Structure formats: structure tokens, C-alpha cells
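Here the structure comes first, spelled out in C-alpha cells, and everything after it is commentary.
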Amino acid sequence: MKRTVLLLFAIVMLPLAINAQGLVYAYIVDNNGPATNIRNAPKGKVVATLPTDKAFAVTLISAKGDWWKIGDVVDQYGDDEMEIVLRGSKTGYWIHRSLLQFSIAGNPNGALRATPSSKGKAVKIIDEPYFHPVEVKGNWVKAVSTDGKTTGWIHRDRICSNPLTTCP
């Protein structure tokens with residue numbers, strides 16, 4: 001009986017452990033008003049707002065065009081750190097990719113690749129420290145610099161998703 005319960009527990013928890021290892025995060029940067037809109041679908045109804053005078057990071061789930069589906073838990077950084085649970089949508093939570101950014105942790109040289117592989121040719125980074133996520137493929141994130149001049153793939157371990165630090 002104990003063995004069956006443990007086996008069932010392992011079967012239920014294994015996908016959660018695998019998923020937790022592959023999470024990709026980005027932070028929100030929105031200078032277009034007092035609040036960032038979170039929608040129930042790409043270009044959908046606004047179901048939540050986050051104040052733009054606070055720093056937030058989100059989990060990236062999947063991309064659809066220029067929109068990202070994000071997790072329902074948002075991390076707020078700063079003096080008043082907390083987790084905010086989004087509510088009000090049965091179809092998920094979406095944000096436009098232009099509002100999502102990350103920087104490269106550590107030395108940026110060699111961080112971006114032409115293909116999603118450590119064997120991919122290194123892409124030269126031209127004076128732009130911030131990137132928008134475009135696509136996720138396994139542990140790799142395709143990114144474009146905020147100035148639009150540099151595109152490449154970065155391993156999720158090299159992403160700095162904390163807007164208040166530069167990450168080691």
C-alpha cells in the first residue's frame with residue numbers, strides 16, 4: 001500500500017519538478033501610464049492591472065505572436081516584496097512582449113547564439129543590455145534587443161529577470 005501511494009505521488013510530482021526546472025522569467029517595463037494591463041487573451045479583455053511604479057517579474061508560459069501567456073503568480077520586487085496571485089481569467093493571463101524584458105547575467109560576450117545550442121555561433125551584442133523574449137525552445141529563449149538590432153538565443157540560466165539587480 002505504501003509503495004503504491006509513493007509511486008502515485010512520484011507520478012503526480014514528476015511533471016511539476018520537470019516544469020519547475022524549465023521556467024523562464026522576465027520583468028515588466030511599462031512607461032505608458034499608471035498601470036500595466038494583463039489580459040485574458042492576446043488583445044483580449046483586461047482582467048488585471050499592475051501599477052507601473054512597482055517592479056514585477058513574471059513566468060513566461062508560451063508565446064502567440066507578439067503576446068506572452070504568463071503564470072498566475074507575479075513577483076513584486078523592492079522594499080515591499082510579495083507574490084501577487086492573478087485572478088479573474090479562465091483562459092490564462094497575457095501581456096504584450098514589448099512590456100517584457102530581461103538582461104544578460106554576467107558577461108554578455110558569448111551569451112547570445114545563432115541557434116538554440118551552446119554549439120551555435122555566438123552573436124555579437126551591440127551596446128544593448130536589455131532584451132524582449134520572443135520564443136522558448138527547451139532551455140533556450142530567443143530574444144531581440146530593445147533597439148531591435150540584435151537577435152539571438154540565450155540559455156535560460158543566463159537570463160537576469162530581476163529589474164533591480166544586474167545578476168551575477
Side-chain angles (χ1 to χ4, degrees), residues 19-44 46-78 84 86 89 91-168:
N19 188 32
Q21 292 175 2
L23 294 179
V24 176
Y25 300 92
Y27 52 86
I28 297 173
V29 175
D30 187 354
N31 300 317
N32 299 319
T36 300
N37 293 330
I38 308 297
R39 301 176 182 275
N40 66 347
K43 299 181 185 178
V46 175
V47 292
T49 59
L50 298 171
T52 56
D53 64 343
K54 304 280 184 187
F56 297 101
V58 295
T59 306
L60 304 179
I61 306 295
S62 62
K64 187 173 186 179
D66 285 339
W67 292 84
W68 276 96
K69 186 174 189 178
I70 60 173
D72 63 354
V73 176
V74 177
D75 293 321
Q76 180 175 316
Y77 289 102
I84 297 169
L86 300 174
S89 176
T91 56
Y93 301 93
W94 295 80
I95 188 169
H96 195 269
R97 93 172 155 101
S98 65
L99 302 177
L100 297 171
Q101 287 185 10
F102 60 80
S103 58
I104 296 173
N107 184 346
N109 292 332
L112 287 182
R113 302 286 176 175
T115 58
S117 165
S118 57
K119 295 179 182 180
K121 182 180 175 185
V123 173
K124 185 175 180 183
I125 298 172
I126 305 170
D127 299 327
E128 182 59 39
Y130 301 106
F131 294 84
H132 298 295
V134 176
E135 174 185 354
V136 173
K137 202 177 256 188
N139 286 324
W140 292 84
V141 178
K142 187 174 186 179
V144 62
S145 59
T146 55
D147 65 5
K149 294 180 180 177
T150 307
T151 301
W153 292 87
I154 183 170
H155 193 276
R156 69 176 180 82
D157 291 343
R158 294 293 309 274
I159 290 174
C160 178
S161 61
N162 185 330
L164 303 180
T165 69
T166 56
C167 297

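What you see is a predicted model; the values in this text were computed from it and never measured.
Applying the salt bridge (charged side-chain N to carboxylate O under 4.0 Å, His left out) definition to pairs two or more places apart or across chains, none involves residues 98-120.
Between the Arg158 side chain and the Ala105 main chain, a donor and an acceptor come within less than 3.5 Å of each other. For His132 (side chain) and Thr146 (main-chain N/O), no donor-acceptor pair under 3.5 Å exists by modelled atom type. Judged by distance alone, the side chain of Ser62 and the main-chain N or O of Lys69 form no donor-acceptor pair under 3.5 Å.
For the atom pair Asn40 CG and Thr91 OG1, the distance stands at 4.0 Å (nearest 0.5 Å). Taking CG of Asp157 as the start and SG of Cys167 as the end, the distance is 12.0 Å to the nearest 0.5 Å. Taking OG1 from Thr115 and NZ from Lys137, the interatomic distance works out to 9.5 Å, rounded to the nearest 0.5 Å. Considering OG1 of Thr52 and CG of Asn32, their distance stands at 9.0 Å, rounded to 0.5 Å. Here Ile38 contributes atom CD1 and Leu50 contributes atom CG; the two are 4.5 Å apart, rounded to the nearest 0.5 Å. Rounding to the nearest 0.5 angstrom, the gap separating the CG atom in Asn139 from the CG atom in Leu23 is 10.5 Å.
A heavy-atom distance below 4.5 Å is not found between the side chains of Thr150 and Lys124. At least one side-chain heavy atom of Pro51 sits under 4.5 Å from a side-chain heavy atom of Phe56. The side-chain heavy atoms of Ile70 and Leu86, taken from C-beta on, include a pair separated by under 4.5 Å. Two residues are said to be in side-chain contact when any heavy atoms from C-beta on lie closer than 4.5 Å; Trp153 and Glu135 meet this criterion.
Counting all heavy atoms, side chain and backbone alike, Pro133 lies closest to Ala26 at CG-CB, 4.5 Å. Between Val136 and Trp68, the closest heavy-atom pair is CG2-CH2, 3.5 Å. The shortest heavy-atom contact between Ser145 and Lys149 is OG-N, 3.2 Å. Shortest non-hydrogen contact noted between Gly71 and Ile61 is N-CG1, 3.6 Å. The minimum heavy-atom distance linking Tyr27 with Cys160 is given by the pair CE2-O, 3.7 Å. Nearest heavy-atom pair, Trp94 versus Lys64, reported as atom, atom and distance to 0.1 Å: CZ3-CB, 3.7 Å.
Taking the six-membered ring for Trp and thresholds of 30 and 60 degrees, Phe102 and Phe131 have nearly parallel ring planes, at less than 30 degrees apart.
For Tyr130, the OH atom sits in a loose shell: 12 or fewer heavy atoms of surrounding residues, nucleotides or ligands are nearer than 6.0 Å.
The one candidate from Val24, Ile104, Leu60 that meets the side-chain contact (heavy atoms from CB on, under 4.5 Å) condition with Ile159 is Val24.
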